[in-house]
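We use all heavy atoms of the structure for the numbers below, so side chains are in, but hydrogens, waters and symmetry mates are not. In what follows, chains are A, B, ... by sequence order, proteins preceding strands, each numbered from 1.
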Amino acid sequence: MTPQELADHIRSAVMAAISTGQLTLSQADIPLEIVVERPKNLDHGDWATNIAMQLGKKAGLNPRAAAEILQPFLAQLPGVVEVDIAGPGFINLRLSAASQGELALDIIAKGNAFGRGNKLAGKKINVEFISANPTGPLHLGHTRWAAVGDAIARVLEAEGAQSSREFYVNDLGVQMDKFGASVKAAALGETIAEDGYHGAYIPELAEQVVLQNPEIVNLPEPERTDAFRDAAYALQLVDQKRVLDNFNTHFDVWYSEKSLHTSGAVERGFEKLKSQGHMFIEGGATWLRTSDFDDDKDRVLVKADGALTYFASDTAYYVDKRNRGFDLCIYLLGADHHGYVNRLRAVAACAGDDPDENIQILIGQMVKMLKNGEEVRLSKRAGNIITLEDLVDEVGVDAARYSLIRYPVESPLVLDLDLLVSSTNDNPVYYVQYAHARIASVIRNAAELGLIPANTSDWDPKTFDPAELSDAREGALLGLLADYPRVVASAAELREPHRIARYIEEVATSYHSFYASCRVLPQGDEPVTARNISRLWLCGATCQVIFNGLELLGVSAPERM
RNA sequence: GCCCGCGUAGCUCAGUGGAUAGAGCGUCUGCCUCCGGAGCAGAAGGUCGAAGGUUCGAUUCCUUUCGCGGGCACCA
């Protein structure tokens with residue numbers, strides 16, 4: 001029985017209590033969603049509900065009295081073997097092994113789809129992240145967003161949304177020009193301007209640009225400067241795509257800022273804002289009255305000299321996303337951009353949208369890094385950077401992604417590189433992957449012994465007897481597995497994929513504990529029993545849940561390691 | 001000055017108003033003749049920065065305050 005099914009049963013028990021007149025409540029007093037949770041302490045039972053505490057007040061009873069009224073109704077529910085009232089009014093339920101065990105069947109039948117839901121079905125969501133200037137390699141700061149942004153998109157999809165990963169390319173403006181000038185200077189053997197880019201990658205880029213097009217150095221100015229900029233930019237963008245693909249983060253759209261200006265999107269954006277009545281002209285500049293909507297001050301769209309501001313691009317970009325049919329635009333921004341939150345929300349409001357409905361800005365704290373016990377200072381222009389690629393080379397894609405996703409983004413993250421590099425067994429990703437590989441190995445052995453087919457999809461449900469899974473550790477593991485769909489749903493709703501990571505760590509712990517005390521395969525010449533086979537089903541179900549969880553994080557689930 | 005985030009075990013950190021606040025690392029004690037020991041069982045370790053408030057109930061929500069980090073533009 002899934003917790004959802006249990007919740008439905010509890011609802012019917014509440015209604016039965018109402019119909020007998022023991023509870024004076026109306027239908028509307030029953031919460032839409034009845035909370036069924038795993039108790040922190042499993043001695044309390046398999047599942048707990050706070051329904052009596054929610055209903056008590058409405059029924060004019062104290063929570064414990066309400067719980068006592070409900071108790072006999074709950075005790076009659078199918079699969080429920082014990083109902084306890086505890087503390088202020090919690091109702092603890094214990095399920096029969098058979099009822100609890102059926103879940104393993106369900107998980108294996110659903111396979112990769114187990115845990116997926118439809119809470120966000122029909123929603124089209126744009127997830128924009130990284131959006132780094134294409135003026136250098138992606139560094140560690142970007143890496144957190146690469147991992148988390150991609151995982152958010154995966155989790156949203158798991159809950160039925162249609163998501164699009166989008167990278168906004170700032171291919172316009174003075175940073176691009178400085179970047180181009182720096183590459184040109186390096187190619188011509190000149191000194192790079194002080195406010196230019198000084199990373200070691202600049203001379204390498206210069207070499208590649210000249211190699212691709214030796215004639216470039218002979219071009220007249222200003223064409224030569226532009227040519228260097230465009231060629232270097234193109235190479236850099238290709239490199240970013242390569243690195244991100246390698247990192248298992250695949251963008252659906254690379255959106256060029258320049259194209260906003262050439263496609264007429266800026267004009268369309270301005271039209272939209274003007275039609276909503278929030279644009280005005282003052283001091284020769286064109287403004288957006290963002291202060292109508294919680295922004296500290298109004299923002300300039302077109303400067304007095306006629307040039308567009310960066311903010312103009314932002315507004316046009318937002319309107320363009322909405323025009324492309326996205327119901328919700330999610331932005332992942334670094335803490336250094338938190339000042340943009342109110343103005344971006346105001347843009348949505350100025351465009352006639354609901355900022356709480358159509359736009360969501362997630363602010364992530366910075367990643368700090370320790371090396372040799374000291375903080376590594378990141379500075380792209382000084383060339384003192386640790387790139388995404390460096391990190392992957394040192395610790396691998398799985399460990400890098402996992403260690404970045406495992407923490408909520410609003411908490412600052414300190415990665416001790418030495419620890420991550422030297423003693424990888426500290427990293428929880430190995431703990432989880434090990435559990436998966438270990439289960440895969442048990443199933444492999446079972447298949448070789450002829451106990452069961454190698455592929456879970458070929459397993460015969462008739463060979464499974466849920467009543468055989470009566471050990472407390474088996475119950476604990478099953479209950480935890482049953483909770484997975486709820487974890488996915490909350491990760492999607494809260495945009496917090498780290499919950500998946502924390503959850504599968506618990507599953508791994510629970511499995512190891514089960515494995516240590518419940519022998520799965522027969523030893524020596526022992527006959528094969530229904531218990532062996534039923535335990536294999538539990539192994540298969542656990543393996544599936546870990547696999548599904550890791551997949552939502554973009555981390556591999558190895559069969560062997 | 002104003003705005004945002006953080007403050008939980010020695011360290012790094014989980015914890016969507018609920019029960020005795022959790023995990024990993026580190027420290028200590030046990031467990032490999034047999035399914036993967038990258039594992040398991042247990043011990044020690046806490047004024048949830050502080051003070052008020054709301055609530056049947058606060059680590060969680062509100063106010064004040066202290067400490068740390070980040071941000072303020074007709075820059076990009």
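Pro522(A) comes within contact range of no nucleotide atom at all, as no heavy-atom separation falls under 4.0 Å. Among the atoms of the strands shown, base atoms are found under 4.0 Å from some heavy atom of Met561(A). Residue contacts shown for Leu172(A) are limited to sugar-phosphate atoms, with no base heavy atom under 4.0 Å away. Nucleic acid contact class of Gly173(A) (heavy atoms, under 4.0 Å, all strands): sugar-phosphate only. In this structure, Ser411(A) reaches the sugar-phosphate backbone alone: every heavy-atom distance under 4.0 Å involves primed, P, OP1 or OP2 atoms, never a base. Within the nucleic acid shown, Glu559(A) comes within 4.0 Å of at least one base atom, counting heavy atoms only. Among the protein residues, Val520(A) comes within range of the nucleic acid bases, having at least one heavy atom under 4.0 Å from a base atom.
rU16(B) atom C1' lies 17 Å from atom OH of Tyr503(A), rounded to whole Å. Residue Glu526(A) contributes atom CD, which lies 11 Å from atom C1' of rC35(B) at whole-angstrom precision. rC75(B) atom P lies 16 Å from atom CG of Asp195(A), rounded to whole Å. Distance Asn170(A) CG to rA76(B) P: 11 Å, rounded to the nearest Å. Look at CD on Glu505(A): it is 12 Å from P on rG15(B), rounded to the nearest Å. As a whole-Å value, the separation of Lys258(A) NZ from rA76(B) C1' is 15 Å.
Applying the 4.0 Å criterion to OP1 and OP2 of rA73(B), one finds that Arg299(A) has a side-chain N or O inside that range. Look at Asn62(A) and you won't find any side-chain N or O under 4.0 angstrom from OP1 or OP2 of rC56(B). Regarding contacts with the backbone of rC75(B), every side-chain N or O of Lys178(A) stays at 4.0 angstrom or more from both OP1 and OP2. Distances shorter than 4.0 Å separate none of the side-chain N or O atoms of Arg502(A) from OP1 or OP2 on rG15(B). At least one side-chain nitrogen or oxygen of Ser513(A) sits closer than 4.0 Å to the OP1 or OP2 atom of rA41(B). Residue Lys297(A) places none of its side-chain N or O atoms closer than 4.0 Å to OP1 or OP2 of rC74(B).
Considering only side-chain atoms of Gln175(A), the nucleotide from rG69(B), rA76(B), rC40(B) that sits closest is rA76(B). Closest to the side chain of Arg343(A), from the set rA19(B), rA73(B), rU16(B), is rA73(B). For Asn41(A), taking side-chain heavy atoms from C-beta onward, the closest of the listed nucleotides rG71(B), rC35(B), rU20(B) is rU20(B). When the nucleotides rG36(B), rA76(B), rG15(B) are ranked by their closest atom to the side chain of Arg560(A), rG36(B) comes out on top. Checking rC40(B), rG15(B), rC4(B) against every side-chain atom of His338(A), the shortest atom distance belongs to rC4(B). With rC40(B), rA19(B), rG5(B) as the choices, the nucleotide that has an atom nearest any side-chain atom of Tyr431(A) turns out to be rC40(B).
Using N1 to N3 plus N6-O4 or O6-N4 for Watson-Crick, or N1-O2 and O6-N3 for G-U wobble, each under 3.5 Å, rG24(B) pairs with rC11(B). Pair assignment for rG57(B): none, as no Watson-Crick or G-U wobble contacts are both less than 3.5 Å. With both pairing distances under 3.5 Å, rC72(B) is matched to rG1(B) as a Watson-Crick or G-U wobble pair.
The stretch residues 46-55 of chain A touches RNA chain B through Ala48(A), Met53(A), each having a heavy atom under 4.0 angstrom from the strand.
Scanning atom types as modelled, no donor and acceptor separated by under 3.5 angstrom connect the side chain of Tyr511(A) and the base of rC35(B). Judged by atom type and distance alone, Asn92(A) reaches the base of rA19(B) through a side-chain donor-acceptor pair under 3.5 Å.
Proximity of a side-chain donor or acceptor of Glu394(A) to a complementary backbone N or O of Leu391(A) within less than 3.5 Å is not detected.
Classification of rC35(B) as anti follows from a glycosidic angle more than 90° from 0.
Here His44(A) counts as stacked on rA19(B): its ring centre is under 5.5 angstrom from the base ring centre and the planes meet at under 30°. Ring-to-base geometry does not place Tyr407(A) in a stacked arrangement with rC13(B) (centre distance under 5.5 Å, plane angle under 30° required).
Relative to the ring axis of Tyr340(A), Arg343(A) places its NZ or CZ within 45° and under 6.0 Å from the centre. Remark: Arg502(A) qualifies as a cation-pi partner of Tyr407(A) under the 6.0 Å distance and 45° angle criteria applied to the six-membered ring.
Nucleotides rU29(B) and rU12(B), compared at atom P, are 26 Å apart to the nearest Å.
Each of Tyr255(A), Tyr331(A), Trp254(A), Tyr317(A) was evaluated against Glu166(A); a single residue qualifies, Tyr317(A), per the side chain to side chain donor-acceptor pair (under 3.5 Å) test.
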